[in-house]
Each structure stands twice: as C-alpha cells, then as structure tokens.
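To keep things clear, I will list the structure first and then write my remarks on it.
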Amino acid sequence: MQNGSLSRRVVFGLVGAAAIAVPAMAAGPGDSPILKRIAERNAITIGHREASAPYSFINRDQRVEGYSIDLCMKVVEAVKARLGKPDLDIKYVPINTMNRIPLVANGTIDLECGTTTNTLARQEQVEFSPIFYITGTQVLVKTASGAKEVEDLKGKRVAVLQGSSNEQSLRALNETQKLGIELVYAKDLGEGALLVANDRVDGFAADGGQIKVFAATKAQPKGSLKVIGRLLTYDPYSAMMQRGDLEFSLLVKRAFADAFRSPEAEKLYEKWFGPLGIEIEPELKTAFAIQALPK
Amino acid sequence: MSYRWDWSVLVSEPYLGWMISGLAWTLLVAVTAWAIALIVGFAIGVLRTLPSRTARIIGTAYVEAFRNVPLLLQLFLWYFVVPELLPETIGHWIKRDLPLPEYWTAAIGLGLFTAARVAEQIRAGIEAVGRGQAMAAAASGLTVLQSYRHVLLPVAARYVLPPLTSEFLNIVKNSSLALTIGLLELTGQSRQIESATFHGIEAFTAATLTYVALTMTAIVVMRALERRIAIPGLMVRA
C-alpha cells in the first residue's frame, strides 16, 4: 500500500518535472545569460587563434577554420536549434594568450576555440568544455642531432614559449635530474622553431601536438626537424566560456558528448591531422570514450 | 564582467620575484641602450653638421637607415638575421657563446635605433646655436674641433635636454619590445604571470603603474638637471 503510493508519487513527480523541463529545454534561452545575449545580438561570438594550425587559424582565403573550430561548430548548431534561429550569425574575434581571458570573462566572446590547456587554476576564471585534444610537453630538435629524450640535451640550450606550462615542467626536470639545461624564451611557435633551425638552441620544448604539426609542414628542408621524447606534462585542450552559466555549459557538454559518442569527433581528427600523418593517440581515444556521456 | 580579481598574486612568490627581475631587466636594457644612444647619437649628430660633405652623407645615411625601419623589425633583424650574414665562426659565437645574447641584442638594437633620433636632436641643437657663434669661434682662432668642444656642443646640449628627456622616456617604454626576442623584462614577466595564473589584468596593471613611476622619476630628475645647468640669460626659462 505504502509502496504503491510512493511509486505513484514518483511517477507524478517525474511527469511534473518533465512538464517543466521539456519546454525549457526545447527552445528559448531559458535563464542562461549567454544564450540570452546570443539571442539579443542574433549572433554567437567565437574566439579563434590566428596561426595555430590545424587547431584554429585563418586560412589562405582569410577564413577561420580548424579542428577546434569544427568542434565548436557542433555547439553553434546546438545553439541554433535551441534558440530556433537557423540563420544565427557567427562573429569571429581573434584572440591571443594575453587577451583571451578578459574577452571571455567580460562576455565579448561566447566560446573560445583555440589551443587552451584546461587547468584548475584557469577554472577559477572561466568554464571549460569537455577535453577535445590531449598533448604534453615534447621537444623539437634537428633530426641530425640524434637526440632521443630530453635527457640527451643535458647542458644544452633549449627554447620554451614565454609563460607556457612547458617551461615549468622543464624547470622542474632540470632541478630534479640536474640536467643543467639553459632556457631561452621564444614568443611563438614559429620563433621557437626558427631558433632550432638557426642552431641558436639545441631544442624547443612545447606542446607535442603543435610542434609535430610544425615539423611535418614547415621544416626546411623537409624532415630536418623532428619531435622527440615522452610526454613530460599532461596538457588537455578545452574550449573556454564564461563561468556561472550552467545552462550554456550543459549545452556545450551535450554537443561535445554527441560528437564523441558518434564517429564525428574521430572523423574531424582524421580530417585535420590525417593529412599531416599524425595518428590519433590512445589517450585521446580514451578521452572521447569517457566523455561521451549517455543521453 | 565575471573576472575574479586577486591582487595578492602580485605579492606572492614566485610572482613578486618575477616582477622584480622584470623591472631589473627593463632598467638594465634602458640604461645600456641609453648610453649607446647618447654616444652614437652625439657622434652622428655632429657628423651631420660638419663642413665636410662626406661626413654629412655618412650621418644622413645612418639616421635614415635607423629611423625608417620599425624597431620591432630591427630587433628581429639583429637577433635572427645578422648572425646568419656574418662569417660562420663569428655568427656561431654570437649565437652560442656570447653571454646573455638576448640582453646584448636588445640593448644594442634599441640603442642604435634611439641614436638616430638623438642625432637629429643634437643636429637641431647645434644649428640652433647659430652660424654666428660658429663664425665667432673660427674668428677667435679655434679649430673646428675646438669650436665644437668649447662653444657649439656645450650650448647645444643644454638646448636639447628637454627633447632628450622624451627620448629617454621612450627608451624605457620601448625596452618592452625586448620580450619579442626572449628577454623577460617587465612586460614579458607580466605575460608569464598571466599564463601561469590567468590573473593577467592585475599583472599588466602593475606593470603599467611601474612604467609610469619610472618615467615620472626620470622627468623629475631631468627637470632638476635642466635648472642646474641652465645658462643665465641665454636659456629661456619657463
């Protein structure tokens, strides 16, 4: 008897909850400030990098594209469906490491689609999407140098990007293993690789994925640069959005999970990294599987 | 804006240390570059006013070469291109054995760039002293060298002190471009803090205020110097 009324109450409760939840989910911005803003402007603003191929960059036709951008487009589709605005405008705003946080925090940018490592310290400022790429610190060297691991660069000069997590990891390694590596600072990926090519330094420590792309596409002559060593750090990339908007965050999570569940995400990986001959790492495959939450 | 302010990152370790080291590099680059700019700038400025045509051509060539190319580009050329053009052993020495290569490249690049601007001011100063005084010096039996040393330069230097102050302030601010060749001065360290903590707004605000404090100090010192060395009756006093 008691059991019966409890289950009836549960059923009524569920029906009631669904009645409230369904209209909110179906259309309209609900109580999401970001979706409200997008609906008002009739445009979603995407932050992109200008030269982080193949993740996020401006191509020869001056159009923004890349692996991160394609994944973000899944979110844009979801926003369009949610707001019932199939002709929603997409505005692109170029960002760099100096302005990306303020622009996301002050609402200029709705979604940042670049090469930002998801860290807990950064989560104090912004919200992150599920992880869509995994890399870690590796070292770019001249193929002729014969170095195989970062330890082979003992006592040599190694470039790092200013303010990168790569620098911190190299510093730590230097201290624990007494490698005596001298650090040189580079402003961006191109400059770091130029330092190696010019023999100004013996190696360039940066995110493995990005320097692999560089070695595959820009090394002069071809094959003269290569990426060596194990992953010295764990750098998962995510898209950034404003904090404190659970609705929008859920929409982003859902769009990413859908892409991870279907072969969509792996297809996109293949589209951007396949031509460069960079195969998908088992870690990333696992990340896709784990973050493909059930509907 | 949903930014979480936290000014305490600026006084916590290691970030306070980073800012102090950045300030030290900014000062070191600015002072070294200023020394180079003054020495080279005086020499080129004088060359541009000498009676010799060859000397004037050399001076003009220097000024036009260094003041018409953006500083950012000049630093890049000094750092990446020049060592490749030199004979291999010298290039190799610059790239691998020279201690503090980023510091020396930044200081010399910035110094030579500013020297072109200083030279123009010195030339203007010498011309402002007037042909009359130069002729009077010659009539009193002074050689060209002596007339520059005893008459033209001492007066010209006083005339150009206020614009030279501006150049010094420029050098302090332009030193921030050294970060593009890997020298972590004040602006570079602010970027480091930004990347490490994501509290960039605080770091850049602190850097801005530090630059303002530095340049204000320089202005006060230079004003005092101007008053001390003014020639009574000759210099117009505000």
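Numbered from 1 within each chain, the chains take letters A, B, ... in sequence-line order.
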Test your reading of the model: is there a side-chain donor-acceptor pair from A:Q162 to the backbone of B:Q192, 3.5 Å cut-off? no
Run the numbers on A:R100 and B:F198 for side chain to side chain contact (heavy atoms under 4.5 Å, CB included), then give the verdict. CA-CA 10 Å; A:R100 60 186 172 178; B:F198 263 34; 3.9 Å; yes
More than 12 heavy atoms of other residues, nucleotides or ligands under 6.0 Å from CD of B:E88: is that the case? no
Interatomic distance, CD@A:E124 vs OH@B:Y3, rounded to 0.5 Å, equals 10.5 Å
So what's closer than 4.5 Å to chain A heavy atoms on B:Y79: side chain, backbone, both or neither? both
Rounded at 0.5 Å granularity, tell me how far CZ in B:R191 sits from CG in A:N96. 7.5 Å
Check each atom of B:L179 against the heavy atoms of chain A and say whether the ones under 4.5 Å are side chain, backbone, both or neither. both
Gap separating the CD1 atom of B:I201 from the CG atom of A:N106, nearest 0.5 angstrom: 8.0 Å
Please list, in residue-number order, every residue in residues 186-207 of chain A that has a heavy atom less than 4.5 Å from any heavy atom of chain B; write 'none' if there are none. A:K187, A:E191, A:L194, A:L195, A:N198, A:D199, A:R200, A:V201, A:D202
May I ask you to name which of B:L184, B:T180, B:T197 has the most heavy-atom pairs under 4.5 Å with chain A? B:L184
In terms of heavy-atom proximity below 4.5 Å to chain B, should A:E167 be classed as side chain, backbone, both, or neither? side chain
Interchain contact, B:Q189 with chain A, by part (heavy-atom threshold 4.5 Å): neither
